[in-house]
Amino acid sequence: MAMNAAEEETLESLKKWWNENGKQLIATMVVVALGFGGFNFWESQQLATQGEASDLYEEILELALLEPGEELAADEASEIIQLSERLRAEYSQTSYAAFGALFAAAQHVAADDLAAAELALQWVIDNPADGLFTEPDEGLLLTANLRLGRVLLAQGDAQRALDLVNSVDPKTFEAGFSELRGDIYLALDREADARDAFLAAQEAGSQSEALRMKLDNLASL
């Protein structure tokens with residue numbers, strides 16, 4: 001079929017465009033295809049990593065979650081610590097590693113190894129589990145900071161504990177941080193500040209019997 005002048009002109013324009021842009025278009029399509037395939041591979045790797053980390057964390061839970069009155073055996077506590085260390089070493093970018101570190105810190109505190117507990121809690125703070133599609137767990141980080149403050153206070157480093165507490169926005173953890181701040185002020189012989197902090201904890205919603213007793217003790221001073 002013969003082409004008219006307009007069709008021939010259109011064909012020539014397409015040929016010229018292809019000569020100028022065709023290779024670039026193909027390259028772009030290849031990059032997109034490879035990128036999509038690479039993303040799928042990355043996503044599958046992420047899912048596999050999460051699954052493996054989840055399995056290790058489940059082992060920690062099976063050991064740590066006890067019935068009322070039940071105590072954790074020494075070898076079980078040691079296993080929790082080992083599993084947590086493996087999570088941090090092999091799956092550090094998962095939230096399972098951070099939660100595992102909290103469990104390990106609890107075991108260190110129970111064993112009166114406060115230095116090891118401090119290291120585990122500091123690791124959580126220094127390594128927020130975040131990625132391309134996730135955000136750091138705010139509640140997890142606040143919990144780690146609160147527990148680290150208690151550990152520092154238990155180590156006799158009240159000023160460092162106070163500096164930590166004052167550097168954190170407690171948000172929904174206001175009651176816990178205020179009570180800890182009161183404990184720190186007591187350790188620093190600042191009774192008036194301690195009373196204010198304990199009252200702030202009550203105002204934030206704490207109904208702790210221990211907190212009420214602290215206030216009663218201050219009232220008798």
Side-chain angles (χ1 to χ4, degrees), residues 31-67 70-155 160-161 163-165 167-177 180:
V31 169
V32 170
L34 288 175
F36 184 72
F39 175 79
N40 283 341
F41 174 76
W42 175 86
E43 185 178 38
S44 66
Q45 289 294 101
Q46 289 292 104
L47 289 174
T49 296
Q50 289 286 338
E52 293 162 3
S54 174
D55 290 342
L56 289 175
Y57 183 63
E58 187 174 347
E59 291 185 48
I60 290 177
L61 289 180
E62 290 176 356
L63 291 166
L65 300 182
L66 306 175
E67 296 295 331
E70 187 179 2
E71 293 185 2
L72 197 65
D75 60 333
E76 293 174 329
S78 177
E79 188 173 354
I80 287 174
I81 293 170
Q82 291 174 10
L83 288 167
S84 170
E85 290 173 348
R86 184 178 170 190
L87 278 170
R88 278 176 274 169
E90 300 177 17
Y91 308 99
S92 61
Q93 292 305 305
T94 69
S95 58
Y96 296 111
F99 281 108
L102 290 183
F103 276 102
Q107 299 310 315
H108 289 311
V109 169
D112 202 27
D113 189 350
L114 298 180
E118 178 185 344
L119 289 175
L121 292 168
Q122 190 64 57
W123 186 92
V124 177
I125 296 167
D126 293 340
N127 295 272
D130 61 348
L132 187 60
F133 302 111
T134 59
E135 294 291 335
D137 188 319
E138 181 177 270
L140 174 65
L141 292 175
L142 288 171
T143 298
N145 275 285
L146 184 59
R147 294 184 182 182
L148 178 57
R150 291 171 180 158
V151 166
L152 293 176
L153 180 59
Q155 288 177 305
R160 188 174 164 210
D163 292 341
L164 171 67
V165 168
S167 71
V168 175
D169 180 358
K171 299 183 181 179
T172 57
F173 285 60
E174 177 64 46
F177 276 90
L180 174 56

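Start at 1 with the first residue, then count along the sequence. Everything numeric here is computed off the predicted structure, so don't read it as measured data.
Contact detail for V124 and A98: the closest heavy-atom pair is CG2-O, 3.6 Å. Residues G100 and S84 approach most closely at O-OG, 3.1 Å, considering heavy atoms. Residues A104 and R88 approach most closely at CB-NH2, 3.9 Å, considering heavy atoms. Shown here for V151 and A117, the closest heavy-atom pair between the two residues is CG2-CB, 4.3 Å. In plain terms, the two heavy atoms of I81 and H108 that are nearest each other are CD1-CE1, 3.4 Å. Here the closest heavy-atom approach between residue L87 and residue A53 is recorded as CD2-O, 3.6 Å.
For the atom pair CG (L141) and CG (L121), the distance works out to 11.5 Å, reported to the nearest 0.5 Å. Distance check, rounded to the nearest 0.5 Å: CD of E58 to OH of Y96 gives 9.5 Å. Going from atom CG of L56 over to atom CD of E52 covers 8.0 Å, rounded to the nearest 0.5 Å. Of the inter-residue distances, the one linking I125 atom CD1 with L148 atom CG reads 4.5 Å to the nearest 0.5 angstrom. The distance from atom CG of N127 to atom OG of S95, rounded to the nearest 0.5 Å, is 13.0 Å. For the atom pair L83 CG and F103 CZ, the distance stands at 11.5 Å (nearest 0.5 Å).
Other residues, nucleotides and ligands place more than 12 heavy atoms under 6.0 Å from the CD atom of E70.
Between F177 and N145 there is a side-chain heavy-atom pair separated by less than 4.5 Å. Using a 4.5 Å heavy-atom cutoff, the side chains of L146 and R150 are in contact. Side-chain contact between D112 and L114 is present, with heavy atoms from C-beta onward closer than 4.5 Å. A heavy-atom distance below 4.5 Å is found between the side chains of F99 and Y57. Contact annotation: the side chain of L72 approaches that of Q107 to within less than 4.5 Å [non-hydrogen atoms, C-beta and beyond]. Residues L140 and L102 form a side-chain contact, since some pair of their non-hydrogen atoms from C-beta on lies under 4.5 Å apart.
Judged by distance alone, with hydrogens and angles left aside, the side-chain atoms of T143 form a donor-acceptor pair with the main-chain N or O of G139 at under 3.5 Å.
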- Query: Going through the checks in order, is the side chain to side chain contact (heavy atoms under 4.5 Å, CB included) test met by E76 and I80?
  - Reply: CA-CA 6 Å; E76 293 174 329; I80 287 174; 5.7 Å; no
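The existence of a salt bridge linking E118 and R160 is confirmed by a sub-4.0 Å separation between a basic side-chain nitrogen and an acidic carboxylate oxygen.
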